[in-house]
Every structure is written in structure tokens, then in C-alpha cells.
2 protein chains.
Amino acid sequence: MAEKVTIATVARRARVSRQTVSNVLNAPHIVREETRERVREAISALGYRANQAARQMRTGRSRLIAVRIEPTRDGVNGSVLDRFLHGLTEAAEAAGYRVMLYTAPDSRSEIGAYDSLLGAYDLDAFVLTGTEHDDARAAWLTERNVPFVTFGRPWDDPAQTRSLGRAAVPSPHPWVDVNGADGVAQATRRLLDTGHRRIGFVGWPTGSGVGDDRRSGWADTLRSAGLDPTGLDRAAPDGFAQGEAAARDLLAGAEPPTAIVCASDSLALGALQAVPGPGDSAAGSDHRSPVAVTGFDDTPVAQAIGLTSVSQPLAQAAACCVDLLADVLDGGRRGGPVGSRRSDPAAGGPGQVLLRPSLVVRQSG
Amino acid sequence: MAEKVTIATVARRARVSRQTVSNVLNAPHIVREETRERVREAISALGYRANQAARQMRTGRSRLIAVRIEPTRDGVNGSVLDRFLHGLTEAAEAAGYRVMLYTAPDSRSEIGAYDSLLGAYDLDAFVLTGTEHDDARAAWLTERNVPFVTFGRPWDDPAQTRSLGRAAVPSPHPWVDVNGADGVAQATRRLLDTGHRRIGFVGWPTGSGVGDDRRSGWADTLRSAGLDPTGLDRAAPDGFAQGEAAARDLLAGAEPPTAIVCASDSLALGALQAVPGPGDSAAGSDHRSPVAVTGFDDTPVAQAIGLTSVSQPLAQAAACCVDLLADVLDGGRRGGPVGSRRSDPAAGGPGQVLLRPSLVVRQSG
DNA sequence: TTGTATGCGTTATCAA
DNA sequence: TTGATAACGCATACAA
């Protein structure tokens, strides 16, 4: 066990005061070049590393970012969080932060978790995933002035908010999101381009921001192509079996769609079971399904079975989250090589980034 | 922003000294009951929570456990880490610890990460996943007396270790693992029970501890049933395409197997593509594949497509990891309601837990 | 530009 | 059983 090397050790070795060492660390520009070099040399020679606990006690900042790890929901989409987390950890490290995990069975208890986490650990910020309508978590954190960023837009219903009277409009907060409507539109447009005219949609029931957004991408694309989406969509909770049932229902109609766009890979996987497979067709080993199916999230399942799917730039989204947090935490005096990612440079408010997903075309569509 | 409530605030309110408050927190038994109650009341009335940073500075312990989040490897198996992480976070919270994430592109740089993490954050312990032969990370941590537990057995080659001379035998460390051989044996035995006699195996090339372990479960089971496994196994790196190729090769033989056991869901998914599907058979909609295929890990993919697979008790494994760490960190004076999980109570060494996986039977086999 | 003194909130040592 | 005092490592106001 090596001797503990503190700022005093470094100071002795570099024959300066502790304060000078501290200055080299926190405000290098005010130290004379020669001294600075000597101190730096001592630092690396001794392998000195600042003690976070002591620093935190003094500054009140922990350089810790908390993010909730959810229980794997339906399973198929679980890896999305996984990839996001990895990106987040990597980006945080680069910015000098660390990621701390916490769990909560639901949003209500999540707020309770904030309280104890903040009390004990002086967390610098939170990353919230999966925003809901009028998210109570965002409100709680805003109210207490706790920095946070959400991966997911705030899906506040403007009408409802307005009806609350007063200035109930939630103050804007930094967020990063992926344009789901755009992704679904890409998928739909590609189907149109390849000749499909009757394109169905299987998505989640109305009410979830994410789901409604994705559905609109499909409907709007059809409309701008002069097609009527009416009757061509089905609502189903996320899940394999639900997707299969919805697709079956869609295909049972008088004029069944020749392609189905789904709001998730889980639904798409189910839908794939419902469409007549290549084996049932007369032709031999043509792997192309007569009914094209596309999913959303480009999960490992999609990669494995050759499902065309919309891929979210998760690593980039995570990096944006960290950037936005760093903007707030480090007082905007960052500005490294990351480039400006603000989607709306005109607005003076907090950064809000909407990323564009990409379509990964595979055999299924 | 509520006033900062420290141990001094509590002391004032309870009209005791700060030390007494500290005692109530850390050594309740030495405080008179009446005083203790008064202090406890003040604590909850004020909503006091101990400041981790200050505590850490004094005790040198952070109550932080670090675990590496790997980049999603081949994808399909990614969710395993996800579920393990969730279990770990939950168990750690219950034991009063927190989980901190870090990344590293490979094992070599992972050791570098230890160094800086330990220097800056005074981490209490590490959880290592995916142990390798003669794991350098374990050696490094052992040498520096850093507490850690591995999820995965140490796969040290006894012969090689011995040949190094000296006492090169690595000192044992706490580990938790799932008995892969047992899991594959369960799958194989079930196939035998359902009448299969020619059962193939598709696994990873010899050399990986995990892979060899799983293969042995298959081979041993066949042998104890009086069958000869020779020629019935194929080695392939993990992956969908690799699994398909290996299975195809296996099925191309003169006497092709009627069932294939795979070392992973990725391989199994590939193998499924290689076997004649139900659609190719004469009979109608019998969903049962003529060639049974089983996977390993019970990933979401398996759940979605109905692949029989071996399921690891990840939440339990994670809980065991935390228990073992707590044993070390809290000096063995734990012993809550978790029950003794030591697999070898006779050995005085560090706890080592081998858990039994379970077979999830679905349509594919 | 560099050095000195002080305090962050907690726990450990020791005396009362 | 309780209370006073010191110390953990760092950063900051202030003096030199």
C-alpha cells in the first residue's frame, strides 16, 4: 500500500506551498510557468490524484451524475438503456464526471430516491430517461433547483397546462431526444419508394408522447403522398404477442396492407409472425417476406433476424446529455472540440437537442 | 433550498453534543436509550442525512462499488449485463452501497482505470464480470489489497500455474458464478428424455473457461447416457452467422443430429436458420421444428422467438456479489436475513458461490 | 505570484 | 454515558 500522497506531499516535493499546488490544479493560469511545471512534475512523479471527498466537501460538488437503471421491461427493448448507459458513462468520464446508478420501481418512488440521493451524496445532476406527460420528476427537480437533463422531450399537453391557470407552464429544461416521427417517416417513405401503397401501422395506444410521435410520422408521410391512413393503424401495448395480434387484425381486412410499420421491435417481431412467411409462399428460398415489416430501435433482435428497423444514435444522445449538463454545471465555460449541438441557438433557454435517427434496411423490408 | 442540516443542527435540537449524535448513528448501543430516542427524533424531524463526503474523508470509505459497463458486444447477449447491473444496484442499495459505472475498451486499460478510480474516489470495491484465464485484473487488485468479487469463476489453468514455479498460485478471491455445465447438461438431458439420441453441440472454440465449461456439460451428459459425443460438436466464435454455419456443417453429415445444443442464444439463433423450418416440412402449421435447438442465457431474443434456453439467475448472482463484498467490507459482521449462501462452508477462505441455472422450455425444443 | 489561516461535516481519541 | 478537541484533504479569502 503506497503512502497516501496529498496536496501537501506534492507541495513539499515541488518546494512550494499547498496553495500553489491547488492553484496549478484549479487555476493554472495564475501560476508562473516555471513553478507550474515543477508542480506538475511532482504531481506525476508522485502519482498524485485529488481526493474527491475532500474536494467535494469544500466545493459541495461531487462530480457524480445519477441515472436510474430500470428493470428490464418487456425485454426486447432492454438493450436500448444498456447502450445509452455505456455512452453516458464514456461521455461523463471524458468530461470529468462519473455515473452513479440507482433503482426505483416506479416514478413515484423515484422522486423519493432523489431526495435521499441528494441528501447523502450531493449529486451534481440527474439524467432522466423515458419522459412522461407532465413529468412529476422534472417538476420536482426543477422546483429544487437540481440540475438535470432528460433523454426524451417533455410531452406536456399545452392545453391542459394552460387550463391550470397561473403560470403552471413548466419551466423548460435541457433535453435530448431522438426524432421518432422522423424515423418512422423514413421507414414509411422508403416503403412508398419501393412501390408500397397500402402501408399499415402498429403502435401503442394514444396517450404516450413517444407513441403518438411515432404514429404521426407514419400518418403524415402517407398524407403527404396523397394517401389516406384511415383504418390502416392498430393500437397495441408493447409486446410480441400484442404485435402479432394487431398485425393479424390488420391483415384480415378486405384490402390488407402490403407493408407494416411498427412502433417497436417487439411489435415488429410479433407482426413478422403474423405475415405470411417465405416458407408458405410457392417460390423457393426467397428470403423476402411478401409483407414488409419494419421495427423501431434496432435492437439486437432486429440485427439477428434481419428486421429493418429505425436506429437511434444512442451514444450521441448520451454525449449530448453530458454536454448539456456540463453546460449547466461548469457554468457554460466549456466549449471543447465537441462542437455546438444546440438545436435552437436562437433561444436563450436551456439547450435542447433533437437528433435524427437512421433507418437500417434489412431483409424484412 | 432548505437550510443545510448537519450533525451540529441535530445536536442543538436534541440538546446533546455532536459526538453523541455521531454515536447514535454509528454505535447506538453505547448511548443511553432516552438520549438515543431524543436524537433520533431530532434526526427525523430535521430530515437529517449524513454527508457521505465528510464521512468518507474521515473513514476513508466511500460506500461506492465500481462495475464496468462493457460496450454491447455482439448485441444479443448484451441484456445479460443489463439485468445483472439492475440486480447489483438494487442489492447494493439494500446494503447501503452505491454502484458507480466505468468503461474500458479492454482488460489492459481496465487496470489503468482501477488506478485512477481508486486514487480519486476511494472506491470500496470492484465487481468484475467476465473472468478470463489467469485474470490479470484479479491479480492486480489482489496485490493491492483492493476488495473485489468476480462474477465468473477464476479459470486458472492449474498446470500452467504450477509450471511458473514459486507460489504463483493466485490467492483465492470471492466469486459468484452460474454453473454453465449444469445448465447445458439440463438442456441435453431433457433432449435425451424426449427421445433424442443424436444431439449436437455448437460452442465457442476451446480455450475460454466459460465455453469449455458449457461444452463439458453436453459431452458428459451424453457419455453418462452411454452415447459418444465424438464428431457431434462444432466450434465457432459467438455470433449469428457463425452459429448458422456451424449448424449447417453439423447437419450436412451422414447422420445429422436431431437436436443441437448451443453455448449462447446468438449461436442458437443462427442454428435455427440452418435447421429445416416448419414451413419446409410437409405438415401444416406444426410450429415444432424437426431439429430441436436450445440456447443459453435466455435473452429477450429467446423469449421473443420461442427459443428454449438456459436462464441464469442474474438478480440472485448480483445479490450474492454484494453479500460477499459486504462480508469483506463490513468485516463479516453482517448476517441479516439473507441467509448463508456460502457454497463451501467448510473452507475458511473467501466465499465462493456457484448458482444453478434453470432451463426455460419453449417451442424450439 | 506565493504563503497563511480557516472551515467544510464527520469520526476518533481522550478526558470528564 | 457524554462532551471537548483534533484531524481527514482540499479550496478560498486574505495577507505578504
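Convention: sequence-line order gives letters A, B, ...; per-chain numbering from 1. Quantities reported herein were computed from a predicted structural model and do not represent experimental measurements.
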Main-chain N/O of B/E93 paired with B/R98 side-chain donor or acceptor, under 3.5 Å: no
Spacing of B/R15 atom CZ relative to D/dT2 atom P, expressed in whole Å: 13 Å
Side-chain donor-acceptor pair present, A/E110, A/Y114, cut-off under 3.5 Å: yes
Separation of D/dG9 P from A/R61 CZ (nearest whole Å): 23 Å
Protein-nucleotide distance (A/I30, atom CD1; C/dG3, atom C1'), rounded to Å: 12 Å
Heavy-atom donor-acceptor pair, A/T35 side chain to A/V31 backbone, under 3.5 Å: no
Below 4.0 Å: OP1/OP2 of D/dT2 and any side-chain N or O of B/S17: no
Note: A/D106-A/R108 ion pair, threshold 4.0 Å (strictly below): no
Distance in angstrom units between A/E33 CD and C/dT2 C1', rounded: 17 Å
N/O (side chain, B/T35) to phosphate O (OP1/OP2, D/dT2) under 4.0 Å: yes
A/V149 vs A/L128 side-chain heavy atoms within contact, under 4.5 Å: no
side-chain N/O A/T20 vs C/dT1 OP1/OP2, d < 4.0 Å: no
Nucleic acid footprint by protein, nucleotides 6-16 of chain C - heavy-atom cut-off 4.0 Å, B for base, S for sugar-phosphate alone: BBBBBBBB---
d(CZ, B/R38; C1', D/dT1) in whole Å: 12 Å
A/R63 CZ - D/dC10 C1' separation (whole Å): 15 Å
Between B/S62 and A/Q52, a side-chain donor and acceptor under 3.5 Å: no
